[in-house]
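Input: a single structure, listed below in structure tokens.
In this text, all values refer to a predicted model and were calculated from it rather than measured experimentally. What you see below is based on every heavy atom in this structure, not just the backbone, and it leaves out hydrogens, waters and symmetry mates.
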Amino acid sequence: MPGSSPNRDLRARVAGRAGFFLAAFLALLGAVLLLDRIGVAEVVVAAVAPAFVLLTVAVIAFLPRSTNALRFYAADRLVPSTYGGLALAGLALGLLKPFAPLRADGVFASIALGFALGLVGLALFSGPIVRRAGAFTLTELLTARFAAPAFRIALALVVAAACFALALGGLIGAIRALTALGISPDLAAGLAAFGVVLVAAPGGAAGVAWASAVAMAVLAFSFAAPGVAGLARGAVLPFPVLGDAQAWARAGDIVADWSVGAGVGGDMTLVVAVACGLMALAPLAGPAIAAPNVRHARRVGLKALAIGAVTLALAASAFAAAILTFDARIVGARPDALPDRVYAASAIGQLDICDARAGGPGAARAACAALPDGRLRRADVRPTATYFFSAYADLLGLGAAVRGLAIAAAAVIGLTLAAAGFLGVATTCGHDLLFRLPGFSSLPSVRQALTRAFLLAAAAGGALLAARARLEPSWAVGVALLIACGLVWPLLALALWPRA
């Protein structure tokens, strides 16, 4: 019957979820803007957006809850390529975010190029291969080619380690975003771990895929907000060709001044390593595994590349405008007369004042005691990209509502990356390893129970480690890429070599 067509049912479900998110998001945006307009306390306004965005993501991730193995491990293989592209772009930008120092050296350019090539590789190579094989995971594909029990155990441990490091990087990013609201790190870690469980435990891969797509949409909208506000005011944001090219060039000059002494060039080895690592990271294969067929699996990677490029362009334009405003406020100011938020950002390492972390006027005065005339020069205050993620809304005068939206975007991107990583750990251990060993039941319900148990344990352990250890998210993500590039990608290449 026409009314019972699987494709029509799929379109109805997708339209329902997209409609729910759009309605909830617009209602949230209207409510937050109204609260900001009527003069509600800034702290309250800034906290409303993250709370509602995280709640919306949790609800959307909970909708596809199931005990069906195909839905839990592969999202029923019914995620359309557009939404799969959104999900993959969100996960990829969550990986890229920790590597974005605001310096004019070649390292970030090499990493960004590696990410772009890695997404192309996912689209044309690893994603379609896993989807064609019908495997639920990358580990399942490789162990079907190399079936020795010792190899299975070793590979599962390697993949689980890469997934855990990746999840830890995302979790640290989410915790740091939440602490911008004044939440203690311990409480933020607990909330982030709880969010991971809400996203990944009920629906597994389906929950992670839809939550990642929503996170990407929120991130893109938060970066588009400055452009929309600029158009409403009749202003043009900095950007080559399409915007104010002169302002873009001035922002580049400012970043170059901040980068004096960096002196690090690009490296093709780094480009190749990042690209190969990205292709071999198990959580990033999830959207391709959830695609309806191999053709859609290819489209997932290509659409993710396009979505990511547009989002990065929006972010670069917003950051350039914020850089110009920041520079105008800081240069020539006294070290002990800066805005309180600058000191707060310096205290947590988001910017240096005279090569020191100055958490207050006194500390800044002491750090800058050697200044010739007591006034700050451009190179005396060096912010990082992390600072602008939470501060660009304030610098551009967009209000507490957009600031809260920016914090929400940073938090939810980290949260969904952590959920994908911890689900990768749980699936590798509960599905690919234990249930295949002698003496373990092969019932799907047992597998899912084991997977959820490993997910809870991994999320709890990751939250404890993120809260107690002084780790940088770039270190964690770098370890994940190193493991994937050095140990998993060669095996993936060998699996396709007939003589291996």
Verify the ring-centre separation between Phe389 and Phe319: is it less than 6.0 angstrom?
yes

Applying the side chain to side chain contact (heavy atoms under 4.5 Å, CB included) test to Leu95, which of Val274, Ile111, Leu166, Ile413 qualifies?
Leu166

Can you find a pair of side-chain heavy atoms, one from [X] and one from [Y], that are under 4.5 Å apart?
X      : Y      : answer
Lys303 : Thr82  : yes
Leu481 : Cys485 : no
Tyr73  : Thr137 : no
Met216 : Thr311 : yes

Taking all atoms of both residues into account, what is the closest heavy-atom pair of [X] and [Y], and its distance?
X      : Y      : result
Leu96  : Ala112 : CD1-CA, 4.3 Å
Ala364 : Pro335 : CB-O, 3.3 Å
Ala280 : Leu138 : O-CD2, 3.4 Å
Val300 : Ala288 : CG1-N, 4.4 Å
Ala160 : Val425 : O-CG2, 3.4 Å
Phe136 : Ile289 : O-CD1, 3.3 Å

Main-chain N/O of [Y] paired with [X] side-chain donor or acceptor, under 3.5 Å:
X      : Y      : result
Ser126 : Met279 : yes
Thr384 : Leu351 : no
Thr416 : Val412 : yes
Ser222 : Leu219 : yes
Arg452 : Ala201 : yes
Ser346 : Ala358 : yes
Arg176 : Pro185 : no

Should the SG-SG distance of Cys368 and Cys354 be recorded as below 2.5 Å?
yes

Measure the CG-CD1 distance between Leu417 and Ile172 for me, rounded to the nearest 0.5 Å.
11.0 Å

